[in-house]
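Comments concern the structure below.
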Amino acid sequence: HPRTANHHPANTRPRPADRIPSTPRPTMEGSKLVGCTVRDVPASEFITVYAAHLKRLGNVEIPKWVDYAKTGTFKELAPYDPDWFFIRMAAIARRI
């Protein structure tokens, strides 16, 4: 059958704005913040605060090799920051 402008596949696909729902914005209800996720907070702030929280809890057993580990094969030395393992755990937690 002949194609017309109304039946062209490009005209039947939903526009990106129709496909992707808008991200809900955090709202204040009473004194609680509702609808806020980890992705609503800047990464550097979340990682810094969560790393401090992990260190303060003391529930994490730090491996003995942490002082000698490198963070990549291209690195020559271990990280200078003694809390690098907590920072790495917080960054991975944010990703998952």
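Residues meeting the ring pair (Phe, Tyr, Trp, His ring centres under 6.0 Å) test with F86, sequence neighbours left out: none. Partners of D83 by side chain to side chain donor-acceptor pair (under 3.5 Å), not counting sequence neighbours, listed by chain and number: K55. Scanning for side chain to side chain donor-acceptor pair (under 3.5 Å) contacts around R39 gives an empty result, with sequence neighbours left out.
Cluster partners of Y80 are L77, counting Ile, Leu, Val, Met, Phe, Trp and Tyr whose side-chain heavy atoms approach within less than 4.5 Å, directly or via other members. In this structure, Y68 stands alone, with no Ile, Leu, Val, Met, Phe, Trp or Tyr side-chain heavy atom under 4.5 Å from its own, directly or through other members.
Smallest separation of non-hydrogen atoms from P79 and A69: CD-O, 3.5 Å.
Residues in residues 85-96 take part in no salt bridge (Lys or Arg N to Asp or Glu O under 4.0 Å) pair, two or more places apart or across chains. Listed by first then second residue, pairs satisfying salt bridge (Lys or Arg N to Asp or Glu O under 4.0 Å) with a partner in residues 59-75 number zero, not counting sequence neighbours.
Both W65 and M89 sit in one connected hydrophobic cluster of ILVMFWY residues. Membership requires side-chain heavy atoms under 4.5 Å apart, directly or through other members.
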What pairs of donor and acceptor atoms, side-chain ones from residues 42-49 against any protein atom, are under 3.5 angstrom apart with sequence neighbours left out?
from: T48; atom 1: OG1; to: S44; atom 2: O; distance (Å): 2.7

